[in-house]
Amino acid sequence: MGDKKFYSLPELPYAYNALEPYISEAQLRLHHDKHHAAYVNSANAILERLDKARQAGSDIDIKATLKELSFQAGGHVLHSLFWSNLFPASKTSKEPDGVLANALKNEFGSFERFKKEFSAAAAGTEGSGWAALAWCGLTQRPIIMQVEKHNVNVYPMFRILMVLDVWEHAYYLDYKNERPKFVEAFWNIVNWKEVSQRLEAITK
Ligand SMILES: [Fe+2]
């Protein structure tokens with residue numbers, strides 16, 4: 001049991017103030033150091049609980065435990081993807097190019113149309129959740145997911161290329177309850193190079 005792995009909180013690939021003015025340092029610190037860390041710790045606590053129960057041969061509430069693990073692990077994975085698909089505005093482009101740009105144009109007609117649909121998905125996610133751009137390997141199409149919480153409406157086997165966190169904890173310090181303003185700001189700090197590489201890695 002000693003060699004079992006657990007989740008760990010990744011460091012941000014940029015400074016805490018690097019996404020300003022679109023995401024403030026205070027907002028980013030709170031989001032990464034407190035909220036994301038909490039998902040990591042909670043997911044690990046569940047894994048430990050499962051390990052212990054299995055060792056002891058004791059019963060567990062399987063339904064509640066698996067539901068909770070899906071939520072906490074989903075939160076960890078989505079936040080990890082989120083940090084690395086963001087980048088300082090001065091060092092990133094406003095649009096993708098290459099394979100990703102072509103895939104979006106083929107599916108949505110134009111980059112602007114994709115942006116509009118993704119923004120609407122993000123603004124309209126019910127309660128707490130995410131908008132995600134994913135790739136369907138069966139049809140070779142990009143698809144937008146509107147993820148509720150961290151784990152509802154996720155398609156099995158569809159690889160996620162880009163996510164936008166629209167939980168209030170992601171934007172409340174900077175934008176209060178104005179989620180659409182945060183969604184608009186997001187487009188300035190997308191790491192298109194990373195998103196493109198995620199697509200290239202699964203389609204080559
Ligand atoms: Fe979050």
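In each ligand, atom 1 is the first atom listed, and ligand 1 is the first ligand listed. Just so you know, these numbers use all the heavy atoms, side chains as well, and skip hydrogens, waters and symmetry mates. Owing to the predicted nature of the structure, the values given are computational and were not obtained by experimental measurement.
A salt bridge does not link K116 to E112: none of the charged nitrogens lies less than 4.0 Å from a carboxylate oxygen. Salt-bridge formation is not detected for the pair K52/E48: no Lys NZ or Arg NE/NH1/NH2 atom is positioned less than 4.0 Å from an Asp or Glu carboxylate oxygen.
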Return a table of donor-acceptor pairs under 3.5 angstrom between the side chains of residues 86-97 and protein atoms on other chains or two or more places apart.
residue, atom, partner, partner atom, Å
T92, OG1, V190, O, 2.7
S93, OG, E95, O, 2.9

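Residues passing the side chain to side chain donor-acceptor pair (under 3.5 Å) test with D174, sequence neighbours excluded: S24. Under the side chain to side chain donor-acceptor pair (under 3.5 Å) criterion, R198 pairs with S84, N85, E194, sequence neighbours left out.
A cation-pi arrangement is absent between R113 and F108 under the rule of less than 6.0 angstrom and at most 45 degrees off the ring axis.
Protein N/O/S atoms found under 2.8 Å from the Fe ion (ligand 1), listed by chain and residue number: H31 NE2, H79 NE2, D165 OD2, H169 NE2.
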